[in-house]
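A short worksheet on the structure shown next.
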Amino acid sequence: MNIRRFTLIFTPYFWLIALFLIPFIIVFKISLSDPALAIPPYTPNFDLSGGWSAIGTFFSQLDFENYEFLLTDDLYWKSYLTSIKIAFFSTVFTLIVAFPIAYGIAKAPLHLRPMLMMLIILPFWTSFLIRVYSWIGILANEGILNNFLLWIGIIDQPLRLINTNIAVYIGIVYTYLPFMILPIYANLEKMDSSLIEAAEDLGCSRIGAFWSITLPMAKSGIVAGCMLVFIPAIGEFVIPSLLGGSSTNMIGKVLWGEFFSNRDWPVASSVAVVLLAILMIPIILFQRHQQKENMNE
Amino acid sequence: MKYSGKGFASLALVALSSTTALAEEVHVYNWSDYIDTALLEKFEKETGIDIIYDVFDSNEVLETKLLAGKTGYDIVVPTADFLSRQIIAGAFQPLDFSKLPNSKNLWDVVQARIEPYDPGNKYSINYMWGTTGIGVNVNKVKEVLGEDAPIDSLDLIFNKKNMEKLAQCGVMFLDAPTEVIPAALAYIGEDPDSKDTKVIAKAEKILSDIKPYVSKFHSSEYINSLANGEICVAFAWSGDLLQARDRADEADNGVEIAYNIPKEGALMWFDQIAIPADAPNSEAAHKFINFILDAENMAAASNYVYYANGNLASQEYLEEDVIGDPAIYPDKATLDNLYTLTTYQPKVQRFVNRLWTKIKSGI
């Protein structure tokens, strides 16, 4: 094998090892350790200077008791469930909002499309944190939305939006919307419009053509968009802590608590490893789906 | 990140002009809204050392950075109970008092109270101290609870009957279990510093009962919310509540804030300046501490943030609304009624935090 081929093949593996495998091994190792009042705050630490015997003791001190601990307390699985639930419904809402937008852009005159795409991407030029903070201003009891609704007379008491799950949903849908629009748009744009014409010529209704032609053809874009929203939403920390109330217990907040309040890095790491395992399932399903898709083509 | 970025910038600078001497830097990590920035400028002018100033709003964040090591900070300001644990973990270097001639200004009364946390007062000097108590929007609370509302009592926030009514104008609590749970224990007559999980568990009923009426648990938002009238009660740190009072005065929005130390007793806490063991520039850090210890500088800091300090010599430079305010410098009787807290063992700490999650989220 010549060097060129080797470099070509090895480069992606190198990044995978450097950016995923090694950090994962470190986190996994901490999850098997015990907390300690020291720098770093866990024990044992890897020490090569002690020779083989030190390495032996090092491994003998690792155990799975932190994972057992996660099972003893309702908090963890309930938080995982809340996170999955919030991520799932956010994904559904995002899809409902994003699909018509993507469809509209794909059907817009060719010369307008770049500008419409620009409008979708433009908010990304502002810091994510600032955009989430602005939502506090919009949703607050004395905020823009409530003042507007009071002014036009739809409500006579301010709606309680901030610090509720509704605010978390709004925040997630808003933040991740472009991740859903872009892949769906990319799919719809490639679609051959003569297929729809053909369907209609053959007596299919407009709605029927949408269900049996447009939607199936946009499927891989929809799946990709859902993954891009669901996976980061599950571990979301910033949005629930800024917009959510104290009863919004997503796993990101639990993880924060383990790290910062309990100073228990080993338990925090095991929470993270379990979260990773939960996230792997949709990714594997997605991979399978992609493979099947490729085989069909 | 920030630190290495700076490194690159200075490397580039060296490459560009070898004649320019590199400016010395001191990296300070302090609480948000906790210093008069004019003081920082004064220090830079006097010493020629650049200050890189970052802020945090919870001890937990600071502690996690310290325990991870290599923070890149030369000065940090943990609260005393956190500090004592961090000393054991080896996070700090002992101060070199020969470089701190102004340490003669320190107040022995406060030093003595800090001694249990920092044995021999070797690792830290006091920056500010204060109490955790109740800030109220006087008019709104009286509107809701009547003229004789117990604004100087824990009964205001821990009695369900009062909280039911206060919910309509908004109540915030610190999101800090080690502040709120001891206060709940003091309210029911238990030892706030108890380490017995059976005693600590008694706080749950009090707090779970009032939780539905709390708009938010947060450790900094209440300053603005109280000042602009969005909430009417906050259980929080004295100086922050006094800052809220001043912001409301400045805004002239008709909001009148008052801070009271609860008559059942309150937590007395100390924010301590210390130097991390691996500080990149411990020399400059000592200069900074000595600068802060100067009587006039320390007084300027207190006049700005409305917290008392542990610097006796500074008292003659304090403004009357600071030194004369019993909410900041309490009289002897109130001072004797204040309690201090020692650190929890990890198991008890986990119990306290778990209880807190249970109170807040019901799980």
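In what follows, every chain begins at residue 1, and chains take the letters A, B, ... in the order their sequences are listed. No hydrogens, no waters, no symmetry mates; every other heavy atom, side chains included, goes into these values.
Crowding of F128(A) atom CZ: a count of heavy atoms from other residues, nucleotides or ligands under 6.0 Å exceeding 12. Remark: F58(A) CZ is packed, more than 12 non-hydrogen atoms of other residues, nucleotides or ligands lying under 6.0 Å away.
Heavy atoms of I359(B) lying under 4.5 Å from chain A are absent altogether. Within the 4.5 angstrom heavy-atom criterion, only side-chain atoms of F82(B), from C-beta onward, approach chain A. Proximity to chain B (any heavy atom under 4.5 Å) is shown, for V254(A), by neither the backbone nor the side chain.
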Please report all inter-chain donor-acceptor pairs (under 3.5 Å) between chain A and chain B, with distances to 0.1 Å.
unit_1: D73(A); atom_1: OD1; unit_2: R354(B); atom_2: NE; d: 3.3
unit_1: D73(A); atom_1: OD1; unit_2: R354(B); atom_2: NH2; d: 2.8
unit_1: D73(A); atom_1: OD2; unit_2: R354(B); atom_2: NE; d: 2.5
unit_1: N163(A); atom_1: OD1; unit_2: K216(B); atom_2: NZ; d: 3.3
unit_1: N249(A); atom_1: ND2; unit_2: S361(B); atom_2: OG; d: 2.9
unit_1: E258(A); atom_1: OE1; unit_2: R350(B); atom_2: NH2; d: 2.8
unit_1: S261(A); atom_1: O; unit_2: N353(B); atom_2: ND2; d: 3.0
unit_1: N262(A); atom_1: OD1; unit_2: N353(B); atom_2: ND2; d: 2.5
unit_1: R263(A); atom_1: NE; unit_2: E63(B); atom_2: OE2; d: 3.0
unit_1: R263(A); atom_1: NH1; unit_2: E63(B); atom_2: OE2; d: 2.7
unit_1: R263(A); atom_1: NH2; unit_2: Q349(B); atom_2: OE1; d: 3.3
unit_1: D264(A); atom_1: OD2; unit_2: R350(B); atom_2: NH2; d: 2.8

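The two residues I39(A) and L67(B) make their nearest non-hydrogen contact at CG2-O, 3.2 Å.
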